[in-house]
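Keep in mind the model is a prediction, meaning the values are calculated, not measured.
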Amino acid sequence: MKALITGITGQDGSYLAELLLEKGYEVYGVVRRSSTETHERIEHIRDRVNLVQGDLLDEISLVRMMNDIQPDEVYNLAAQSFVHTSWHQPLLTGEFTALGVTRVLDAMRIACPNAKFYQASSSEMFGAAKPPQNEDTVFHPRSPYAVAKVYGHYITMNYRESYKLFAVSGVLFNHESPRRGKEFVTRKITDAVARIKLGLQNELRMGNLDAKRDWGFAGDYVKAMWLMLQQAEPDDYVIATGESHSVREFLEHAFAHVGLDWKDYVVVDPKFLRPAEVDFLMGDPSKAIKKLGWKPEVSFEGLVRMMVDADMERVKRLKA
C-alpha cells in the first residue's frame, strides 16, 4: 500500500507517517521547495519515507506527483493552521486551507480516482455552536481559518457526491503533543513552564483563560484518520475525547506538575485576545466509537504531563 501525506512535516503528519510505516505502507510526504524547510519532526524516520516536492497552490505539480506515485490513500493535512495568523493573512489562509483542498481533490480525480482521500477538518468550524458538537451540528465559524476549513469540508463532500470518490473528512477537536508548534497555546504553556522552572523565563503572557477546549493526544487521533479510510463506505466523523477543559485548567496542571503555582507567573495580555472568540468546544465522538471502534487512550492530565516532561528535557539539554 502507498500513502501520500501533505503536511508530513507537521505534528499530525509525523505521527501518521509513523503509524503507516508500522503497518507496512510505502509512505510519501509532500514538501514545498524551500531553503528553510525543516524536517525536524520526521528526522527519526527520514530514511524510511519518500519526500516529494509539491505545492497546494500548484495543481499541476500535484497531478504529476500523483500520476507518478499512484497512491492508494491520500491524507491532506497541509494547511495554514494557526488560527491567530488567519486574521492577519486571510487570503493566504484561504488559498492553502480552502482552495488547496480543491486542488488536491481535483488532482486525485484526474490522476488516481480510485485512491481514498482524507481531509483534515477542524472543530474550529463549529465556532459558536452549542456544545457538545457532533456530525449533525451546524457550523458557525469564527475566524478566517475556520471559514476556510468549512470550505474544505464541503468541497470534500461535493467531490464525494459528484465524482463518487472515496473522500472523507475527520472533524478533529484539539489534539496536542510534544511535537506541537510553540505558537499554539498548549505548547506555549508547556515550553514556558519548563523555562520558568529552570530559571530562563520570569512570566507567561496569555490571552483568554476561560476558553474551553476538548484536548486529546495527536498520536491517538491519527489512528482515527487511518480507520476512516478502511471502512466500506466513505463518511465523515467527529474525533474528540468528549471532555472539555479551560485554558486555566491546562495552566494549573502544567505548573503544578513541576511544583509551581501558575498564578505567580501568568499575566493576561489583551494583545493575545482573538477578534472573535470561540468560547466552548466539546465533541461527541459517539459515531467514531461505534462505527470505527476508535477511542482516545491518553487522558487530559496524561497529555499535559507528557508535554511538560518533554519540554523540561528539551530545555535542560539547551541549557546544558
Side-chain angles (χ1 to χ4, degrees), residues 1-56 61-62 64-66 68-82 96 100 104 108 112 115-120 170 172 174-184 186-187 190-191 216-230 239 294 296-298 302-303 305-318:
M1 292 284 286
K2 296 179 183 179
L4 178 67
I5 305 172
T6 72
I8 194 171
T9 60
Q11 170 190 254
D12 293 6
S14 66
Y15 281 111
L16 178 61
E18 287 176 350
L19 176 70
L20 296 176
L21 287 170
E22 287 172 10
K23 295 183 178 296
Y25 279 69
E26 193 175 331
V27 176
Y28 293 81
V30 182
V31 293
R32 300 179 70 199
R33 177 173 168 77
S34 170
S35 58
T36 59
E37 185 70 61
T38 174
H39 302 151
E40 180 184 351
R41 294 187 182 95
I42 58 168
E43 195 58 44
H44 62 296
I45 55 171
R46 177 63 187 85
D47 60 343
R48 300 172 61 200
V49 299
N50 305 286
L51 297 184
V52 291
Q53 287 187 5
D55 196 326
L56 265 65
S61 73
L62 299 174
R64 287 174 178 164
M65 180 197 314
M66 292 188 196
D68 291 341
I69 298 170
Q70 287 298 307
D72 299 288
E73 297 174 358
V74 177
Y75 296 85
N76 184 43
L77 310 184
Q80 189 300 100
S81 57
F82 190 35
F96 278 109
V104 177
M108 196 179 94
C112 50
K116 295 182 176 181
F117 175 85
Y118 171 84
Q119 164 61 13
L172 271 57
N174 295 67
H175 46 291
E176 318 296 323
S177 78
R179 299 178 191 175
R180 189 54 130 167
K182 292 181 190 176
E183 68 272 23
F184 291 87
T186 51
R187 185 70 196 294
T190 60
D191 175 66
F217 173 50
D220 289 341
Y221 285 40
V222 297
K223 296 174 185 174
M225 299 177 186
W226 178 77
L227 284 168
M228 288 179 214
L229 297 194
Q230 311 317 308
I239 305 300
W294 175 88
E297 297 176 16
V298 178
L303 174 65
R305 290 194 299 268
M306 176 199 303
M307 293 179 67
V308 171
D309 288 344
D311 273 323
M312 284 292 292
E313 287 302 313
R314 181 185 57 81
V315 176
K316 282 178 184 176
R317 289 196 303 270
L318 293 175

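- One finds the CG atom of Leu4 at 13.0 Å from the OH atom of Tyr25 (value rounded to the nearest 0.5 Å).
- In this structure, Asp12 and Ala218 approach most closely via the heavy-atom pair OD1-CB, 3.9 Å.
- Taking the side chain as every heavy atom from C-beta outward, Val222 and Glu18 never approach each other to under 4.5 Å.
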Run the side-chain contact (heavy atoms from CB on, under 4.5 Å) test on Val315 and Asp191 for me, step by step, so that the C-alpha distance in whole Å, both residues' side-chain angles and the decisive distance to 0.1 Å come before the verdict. CA-CA 8 Å; Val315 176; Asp191 175 66; 4.2 Å; yes

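- The CZ atom of Arg187 lies 4.0 Å from the CG atom of Asp311; values are rounded to the nearest 0.5 Å.
- A distance of 12.0 Å separates CD1 of Ile42 from CZ of Arg48, quoted to the nearest 0.5 Å.
- Rounding to the nearest 0.5 Å places CG of Leu16 at 6.0 Å from CG of Leu77.
- At distances below 3.5 Å, at least one donor-acceptor pair connects side-chain atoms of Lys2 with backbone N or O atoms of Ile69.
- Relative ring orientation between Tyr118 and Tyr75 is described as tilted, the plane-to-plane angle lying within the 30° to 60° band.
- The minimum heavy-atom distance linking Ile45 with Ala17 is given by the pair CD1-CB, 3.7 Å.
- Here the side chains of Pro71 and Tyr28 are not in contact, with every heavy-atom distance at 4.5 Å or above.
- Interatomic distance, CZ of Arg64 versus OG of Ser61, reported as 8.0 Å (0.5 Å rounding).
- Distance alone, capped at 3.5 Å, is enough to place a donor-acceptor pair between the Trp294 side chain and the Asp220 backbone.
- Side chain of Asn50 to main chain of Val27: a donor-acceptor pair is present (N/O by atom type, distance under 3.5 Å, no hydrogens or angles).
- In terms of heavy atoms, Cys112 sits closest to Gln70 at CB-OE1, 3.8 Å.
- Atoms CE and NZ, from Met1 and Lys116 in turn, are 7.0 Å apart once rounded to the nearest 0.5 Å.
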Apply side-chain contact (heavy atoms from CB on, under 4.5 Å) to residues His39 and Val31 and explain how you reach the verdict. CA-CA 9 Å; His39 302 151; Val31 293; 4.0 Å; yes

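- Considering every non-hydrogen atom in both Glu176 and Leu303, the closest pair reads O-CD1, 3.6 Å.
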Give the intermediate values and the outcome of side-chain contact (heavy atoms from CB on, under 4.5 Å) for residues Arg46 and Leu51. CA-CA 8 Å; Arg46 177 63 187 85; Leu51 297 184; 3.3 Å; yes

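- Side-chain contact between Trp226 and Lys23 is present, with at least one heavy-atom pair separated by less than 4.5 Å.
- The minimum heavy-atom distance linking Leu20 with Ala3 is given by the pair CD1-CB, 3.6 Å.
- Taking the side chain as every heavy atom from C-beta outward, Glu43 and Glu40 never approach each other to under 4.5 Å.
- With Ser14 contributing its side chain and Thr9 its backbone, the two residues share no donor-acceptor pair below 3.5 Å.
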Under the side-chain contact (heavy atoms from CB on, under 4.5 Å) rule, what do Met66 and Val104 come out as? Steps first, then yes or no, please. CA-CA 9 Å; Met66 292 188 196; Val104 177; 3.8 Å; yes

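- Residues Ala224 and Ile239 come closest through the heavy atom pair CB-CD1, 3.6 Å.
- At least one donor-acceptor pair under 3.5 Å links the side chain of Arg41 to the backbone N or O of Arg179.
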